[in-house]
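The structure under discussion appears below in the form of structure tokens.
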Amino acid sequence: MFKKFSSEDVSSQNQVKASVQRKIRQSIAEEYPGLEPVLDDLLPKKAPLIVVKCQNHLNLVLVNSVPLFFNIRDGPYMPTLRLLHQYPNIMKKFQVDRGAIKFVLAGANIMCPGLTSPGGALDDEVEAETPVAIMAEGKQHALAIGFTKMSAKDIKAINKGIGVDNMHYLNDGLWKMEKLE
């Protein structure tokens with residue numbers, strides 16, 4: 001998704017109205033209840049919230065020109081990895097085994113066997129089409145953010161094909177873009 005992402009992919013930047021800002025805050029609060037105590041610090045009511053529209057129906061939510069969340073079309077908002085590293089417990093987690101790490105960091109989708117092998121781990125309550133943090137075996141921080149293709153139960157049962165779409169990973173274009181001017 002963000003493999004070759006740069007500021008040239010930006011179509012438009014707009015400061016949103018207060019009503020739109022409230023809607024974005026509300027949907028983020030519903031999606032990530034763990035962020036509730038710090039939501040006012042992350043998305044201050046008085047600070048201008050900027051929505052950046054990019055190619056491929058991608059939207060970035062910026063506060064003080066720092067990307068905090070992104071979504072595709074009208075899908076759920078997903079935090080950037082920098083934000084996830086600050087607040088690691090806001091998302092459900094899947095863990096890949098050591099063999100999958102280099103592929104995930106190259107932008108590959110997460111295959112079912114990488115999650116079900118001895119080094120992998122799944123959160124059983126995760127349904128299909130849910131944003132998840134992808135952790136690495138033996139590492140502390142998330143290495144990617146993905147969008148599940150099937151539920152955790154199906155991933156265990158089927159154990160074939162793509163389990164999670166890789167949306168944003170360490171060292172991709174969005175990771176390198178600390179600020180958007």
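Nearest heavy atom pair, residue Ile145 against residue Met78, reads CG2-SD, 4.1 Å. Between Pro131 and Phe147, the closest heavy-atom pair is N-CD1, 3.9 Å. Closest approach of Leu81 to Leu170, counting heavy atoms only: CD1-N, 3.4 Å. Residue Met150 comes nearest to Cys112 through the heavy atom pair CE-SG, 3.8 Å, listed as atom of the first residue, atom of the second, then distance. The shortest non-hydrogen separation linking Met135 to Gln140 is CE-O, 3.3 Å. For the residue pair Pro76 and Asn71, the shortest heavy atom distance occurs at O-CB, 3.4 Å.
For the pair Gln15/Leu49, no side-chain contact is recorded, criterion being any heavy-atom separation below 4.5 Å from C-beta on. Contact of the Leu105 side chain with the Leu143 side chain is registered, since non-hydrogen atoms from C-beta on lie closer than 4.5 Å. At a threshold of 4.5 Å between non-hydrogen side-chain atoms, the residues Ile28 and Phe69 count as touching. When side chains are defined from C-beta on, Leu43 counts as touching Leu68, because their heavy atoms get closer than 4.5 Å. Taking the side chain as every heavy atom from C-beta outward, Ile24 and Val51 approach each other to under 4.5 Å. For the pair Ser12 and Val52, the minimum side-chain heavy-atom distance is 4.5 Å or more. Contact annotation: the side chain of Lys176 never approaches that of Phe5 to less than 4.5 Å [non-hydrogen atoms, C-beta and beyond]. At least one side-chain heavy atom of Leu60 sits under 4.5 Å from a side-chain heavy atom of Leu174.
Here CD of Glu125 is found 11.0 Å from OG1 of Thr130. Values are rounded to the nearest 0.5 Å. Distance check: Ile90 CD1 to Glu31 CD gives 10.0 Å after rounding to the nearest 0.5 Å. Taking CZ of Arg22 as the reference point, atom NZ of Lys17 lies at 10.5 Å (rounded to 0.5 Å). Asp154 contributes atom CG, which lies 11.0 Å from atom CG of Leu122 (distance to the nearest 0.5 angstrom).
At a threshold of 4.5 Å between side-chain heavy atoms, the hydrophobic network of Ile, Leu, Val, Met, Phe, Trp and Tyr places Met177 and Phe70 in one connected group. Taken together through direct or relayed side-chain contacts under 4.5 Å among Ile, Leu, Val, Met, Phe, Trp and Tyr, Met1 and Phe94 form part of one hydrophobic cluster. Using a 4.5 Å cut-off between side-chain heavy atoms of Ile, Leu, Val, Met, Phe, Trp and Tyr, with links allowed through other members, Val104 and Met111 fall into different hydrophobic clusters. Residues Ile162 and Ile158 are members of separate hydrophobic clusters, defined by side-chain heavy-atom contacts under 4.5 angstrom among Ile, Leu, Val, Met, Phe, Trp and Tyr.
Using a 3.5 Å distance cut-off with no hydrogens or angles, the side chains of Asn166 and Asn109 do not pair a donor with an acceptor.
For Asn56 (side chain) and Leu58 (main-chain N/O), no donor-acceptor pair under 3.5 Å exists by modelled atom type. Between the side chain of Tyr32 and the backbone N or O of Tyr77, at least one donor-acceptor pair lies under 3.5 Å. Formation of a donor-acceptor pair under 3.5 Å by the Asp97 side chain with backbone atoms of Ala100 is found in this model. At distances below 3.5 Å, not a single donor-acceptor pair connects side-chain atoms of Ser151 with backbone N or O atoms of Val126. Between the side chain of Arg82 and the main chain of Glu178, no donor-acceptor pair closer than 3.5 Å is present. Side chain of Asn159 to backbone of Lys156: no donor-acceptor contact under 3.5 angstrom is found. In this structure, the side chain of Glu137 engages the main chain of Arg98 through a donor-acceptor pair within 3.5 Å. Judged by distance alone, with hydrogens and angles left aside, the side-chain atoms of Ser65 form no donor-acceptor pair with the main-chain N or O of Lys179 at under 3.5 Å.
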**Asked** Tyr169 and Phe2: ring-ring contact (aromatic ring centres under 6.0 Å, His included), yes or no, with the steps?
**Response** CA-CA 8 Å; Tyr169 56 94; Phe2 291 106; 8.8 Å; no

**Request:** With salt bridge (Lys or Arg N to Asp or Glu O under 4.0 Å) as the test, would you mind laying out the steps for Lys53 and Asp9 before giving the verdict?
**Result:** CA-CA 9 Å; Lys53 292 188 192 288; Asp9 294 323; over 6 Å; no

**Request:** Could you go through the side-chain contact (heavy atoms from CB on, under 4.5 Å) check for Leu35 and Leu42 one step at a time?
**Result:** CA-CA 9 Å; Leu35 269 180; Leu42 283 179; 3.5 Å; yes

**Derivation and outcome, side-chain contact (heavy atoms from CB on, under 4.5 Å), residues Val96 and Phe103** = CA-CA 11 Å; Val96 294; Phe103 298 107; over 6 Å; no

**Request:** Evaluate the salt bridge (Lys or Arg N to Asp or Glu O under 4.0 Å) criterion for residues Lys149 and Asp165: first the C-alpha distance (whole Å), next the side-chain angles of each, then the deciding distance (0.1 Å), finally the verdict.
**Result:** CA-CA 7 Å; Lys149 285 264 208 198; Asp165 263 337; 3.6 Å; yes

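Under 4.0 Å is where a charged nitrogen must lie from a carboxylate oxygen, and between Asp124 and Lys92 no such pair does.
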